[in-house]
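These notes concern the structure reproduced below.
Here is how names work: the chains are called A, B, and so on, in the same order as the sequence lines, proteins then strands, and each is numbered from 1.
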Number of protein chains: 2
Amino acid sequence: MQPSRRVTIVDVARHAGVSTTAVSKVMRNAYGASPEMQIKVRAAIEELGYRPSAAARGLRGQTYTIGVMLPEMRNPFFADILDGVTEHLGGTDYQVLMAACCNDEPGEIRITEAMIDRSMDGVILIAPISSRRHLQKVARTVPTVVVGRHGTSPDYDTVTDDDFAGAGLVVDHLVALGHRRIAHIEHAERNPVRLKEMPNAQRADGYRHAMQAHGLGEFIDIASTTYTQQGGYLGAQQLLARAQRPTAIFAGADIVAMGVLDALTEAGVSVPEDISVAGYDDTMFAAFGPISLTTVDQAGHQMGANAARLLLDRIAERNRPTAQIKLSPTLIPRRTTAPIS
Amino acid sequence: MQPSRRVTIVDVARHAGVSTTAVSKVMRNAYGASPEMQIKVRAAIEELGYRPSAAARGLRGQTYTIGVMLPEMRNPFFADILDGVTEHLGGTDYQVLMAACCNDEPGEIRITEAMIDRSMDGVILIAPISSRRHLQKVARTVPTVVVGRHGTSPDYDTVTDDDFAGAGLVVDHLVALGHRRIAHIEHAERNPVRLKEMPNAQRADGYRHAMQAHGLGEFIDIASTTYTQQGGYLGAQQLLARAQRPTAIFAGADIVAMGVLDALTEAGVSVPEDISVAGYDDTMFAAFGPISLTTVDQAGHQMGANAARLLLDRIAERNRPTAQIKLSPTLIPRRTTAPIS
DNA sequence: TGTGATGTGAGTAACGTTTTCCACGATGTT
DNA sequence: AACATCGTGGAAAACGTTACTCACATCACA
């Protein structure tokens with residue numbers, strides 16, 4: 001009943017009457033163990049309830065641990081990605097551990113370093129906001145896949161949604177419903193590199209491009225705030241104050257659309273009769289009956305599965321050229337968008 | 001530019017002209033290092049960019065890692081708890097790593113074992129559904145705090161919400177609004193131990209008790225499904241089929257209330273005019289304008305902070321008697337509940 | 001001038017794996 | 001018959017840190 005000493009590989013080896021090398025080989029399915037040896041060793045492992053120490057393993061070889069960094073936990077879209085990752089890794093020996101971040105660069109640096117310190121075999125960074133320099137540094141130390149950030153690198157693989165096209169889907173949808181004054185709420189971004197690489201910037205670009213393509217360049221109207229509920233609230237207030245109010249608002253993220261709905265309700269504007277509203281992400285709550293938000297599905301599950309696959313490939317072959325996977329989003333029309341009246 | 005060898009404690013020691021013991025002491029703020037030594041060593045650490053290997057540390061001492069097990073990622077209530085944990089641990093050297101679970105016992109076993117294998121210094125288990133036996137086993141191996149599960153143990157500390165009282169708050173609120181036919185949707189539970197320990201069971205008990213206390217015993221009406229959106233949908237359908245429809249539905253969780261709203265909308269019942277609806281958890285979406293769900297706030301942030309505190313205490317002193325912390329919930333009235341018409 | 005404390009620092013043996021050899025016998029090839 | 005090849009298994013050296021033990025000053029006190 002006392003805190004009994006941990007069962008080690010030495011105990012297993014002795015119990016099976018073989019060397020520790022043999023046990024190690026069996027544990028790792030490594031080459032050089034005969035079938036009889038495998039059976040003998042596995043039996044001993046079973047009987048003793050042996051579990052290898054990740055710490056000791058990490059000192060020499062792998063830790064069979066994959067780290068996933070999330071910018072936050074409240075956006076269910078990230079849960080979709082994670083599901084894809086864990087599902088793909090389900091059959092393997094790898095264990096996924098996550099760390100949620102504070103959405104700032106120092107926090108991201110702290111977390112990535114913590115993962116490196118813990119000798120993780122690979123990391124998946126979801127929508128990181130760190131400088132490109134930092135990402136490269138991480139990727140040169142540990143196999144890395146970056147999800148939800150555009151731009152290519154020789155050091156890490158990427159998986160992204162085609163945000164440019166996704167924004168186009170929304171504009172197309174609204175134009176087909178007869179809207180012309182279609183406004184957009186974006187996440188303000190100054191940094192020139194991020195301006196190219198972050199999804200929010202791509203969405204804004206896609207919006208502009210689609211508006212031009214429909215000959216609606218003169219109606220382009222962007223409120224620049226943040227991707228938060230508060231940002232949506234403020235953005236909608238700005239747009240309502242325009243001389244010519246928009247008939248449709250394309251919020252860059254579902255959570256932004258929630259703020260928009262709050263502001264519109266407060267202003268006595270009804271949705272979708274007076275103004276149509278669309279979001280982006282297809283987060284869980286977008287589907288709830290009372291909300292029923294038109295939005296864009298990013299196929300988070302597939303993004304996660306692809307990220308996991310790329311990471312395993314890279315762990316297996318460190319110097320493989322990097323890959324960029326871009327997935328196509330789909331429009332999910334619901335009840336917050338309607339034909340113009 | 002080549003994968004340069006990692007900087008170790010030996011490099012730091014040589015660079016500072018001291019022993020590795022000294023460096024180790026400084027890293028851990030351990031006793032026995034003079035101020036001059038501290039300065040000298042810290043300078044060397046800085047210059048060389050040294051970071052200790054958690055794997056090597058784990059082999060002898062601590063890993064400075066705390067594991068948090070979550071039953072799922074989509075319930076934002078868990079994010080609140082996590083915020084509390086990370087905030088409390090912010091100033092320390094500990095790093096929090098999470099693992100999301102599949103909400104079944106094999107999955108929980110896999111995750112807890114993975115955390116033990118990785119020599120984590122402590123674990124926080126949030127709303128675990130595993131057998132008590134397994135929890136005890138984990139707690140005897142590694143310092144453990146269990147959050148959101150009632151029942152005491154000599155091996156682990158607990159932090160819970162007073163679910164019994166919380167359910168009472170909801171019933172009180174509805175009774176004050178004039179309701180008498182107040183129905184409840186619970187998460188079905190057979191296992192006798194869990195029946196006592198799980199929050200859902202406590203909520204159902206609290207509901208029954210409060211109804212009795214108000215002299216409404218005859219109106220007690222429970223639909224037994226699951227704590228999911230689907231469960232709420234089915235539960236509401238059952239309740240609508242009663243000879244005497246309830247005038248208020250208390251769903252055991254916010255996500256259940258979402259399903260209830262779907263079913264009511266589908267049946268042409270308006271909320272709160274025809275039927276009032278209340279949830280539990282005060283999840284993020286409950287506050288969204290179009291939903292505006294009356295619910296109960298569990299003070300997740302405080303739960304997390306308390307759990308972290310207890311865990312640090314237990315890590316410091318392993319054989320301290322265990323503590324049970326119970327936090328009081330508060331009712332958040334919103335627009336889905338109204339006086340009976 | 002001894003005699004303990006006390007404070008500071010170093011040497012060294014773990015910790016539990018994996019990896020790199022090497023040895024040995026069996027098998028195939030000239 | 002000589003020689004290479006292959007399959008199997010073991011011995012022992014890492015890996016980077018911490019815990020334990022001990023040595024050596026310094027200082028206070030009788």
Side-chain angles (χ1 to χ4, degrees), chain A residues 3-42 44-45 48-65 93 113 116-121 141 315, chain B residues 3-42 44-45 48-65 93 113 116-121 141 315:
Chain A
S4 54
R5 206 177 52 79
R6 153 168 218 135
V7 177
T8 76
I9 203 172
V10 179
D11 302 320
V12 176
R14 189 162 31 217
H15 191 259
V18 299
S19 70
T20 59
T21 308
V23 180
S24 176
K25 281 178 182 169
V26 172
M27 284 303 298
R28 290 174 293 122
N29 296 311
Y31 175 85
S34 64
E36 307 97 72
M37 169 71 82
Q38 301 243 2
I39 292 170
K40 213 168 31 171
V41 170
R42 280 192 211 291
I45 288 172
L48 270 54
Y50 165 70
R51 296 194 57 93
S53 148
R57 286 182 138 181
L59 219 44
R60 292 291 298 181
Q62 304 187 57
T63 54
Y64 298 93
T65 310
D93 286 335
E113 292 196 330
I116 292 171
D117 293 345
R118 283 159 185 77
S119 359
M120 292 193 172
D121 297 337
T141 312
I315 289 173
Chain B
S4 55
R5 204 177 54 78
R6 147 166 222 141
V7 177
T8 76
I9 203 172
V10 179
D11 301 320
V12 176
R14 189 162 31 219
H15 192 258
V18 299
S19 70
T20 59
T21 307
V23 180
S24 176
K25 280 179 182 169
V26 173
M27 284 304 298
R28 291 174 292 124
N29 294 312
Y31 175 85
S34 63
E36 307 96 72
M37 169 71 83
Q38 301 243 4
I39 293 170
K40 212 166 33 170
V41 171
R42 280 192 210 290
I45 289 172
L48 270 54
Y50 166 69
R51 296 195 57 94
S53 148
R57 284 181 141 182
L59 219 45
R60 292 292 296 176
Q62 304 186 58
T63 54
Y64 300 93
T65 309
D93 286 335
E113 292 196 328
I116 293 170
D117 293 346
R118 282 159 187 77
S119 356
M120 292 194 171
D121 296 338
T141 313
I315 290 173

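- Considering only side-chain atoms of A:Arg28, the nucleotide from D:dG7, D:dG9, C:dT18 that sits closest is C:dT18.
- Using a 4.0 Å heavy-atom distance criterion, B:Met27 is classed as making no nucleic acid contact.
- Relative to the side chain of B:Thr21, the nucleotides C:dA10, D:dG7, D:dT18 differ in distance, and C:dA10 lies closest.
- B:Arg57 and B:Ser53 form no side-chain donor-acceptor contact under 3.5 Å, judged by distance and modelled atom types alone.
- Using modelled atom types, one finds a donor on one side chain and an acceptor on the other under 3.5 Å when comparing A:Arg118 with B:Thr65.
- Listed nucleotides D:dG9, C:dT12, C:dT8 differ in distance to A:Lys25; the shortest reach to its side chain belongs to D:dG9.
- Checked by distance alone, B:Arg60 brings a side-chain donor or acceptor within 3.5 Å of a matching partner on the base of D:dT18.
- Distances shown here put a side-chain N or O of A:Tyr50 below 4.0 Å from the OP1 or OP2 atom of C:dT17.
- Between A:Ser34 and D:dG9 there is a side-chain polar atom (N or O) within less than 4.0 angstrom of OP1 or OP2.
- Considering only the side chain of A:Leu59, D:dC15 comes nearest among C:dT17, D:dA19, D:dC15.
- Base engagement by A:Ser24 is indicated by at least one non-hydrogen atom pair under 4.0 Å involving a base atom.
- Within the 4.0 Å cut-off from OP1 or OP2 of D:dG10, at least one side-chain nitrogen or oxygen of A:Ser19 is found.
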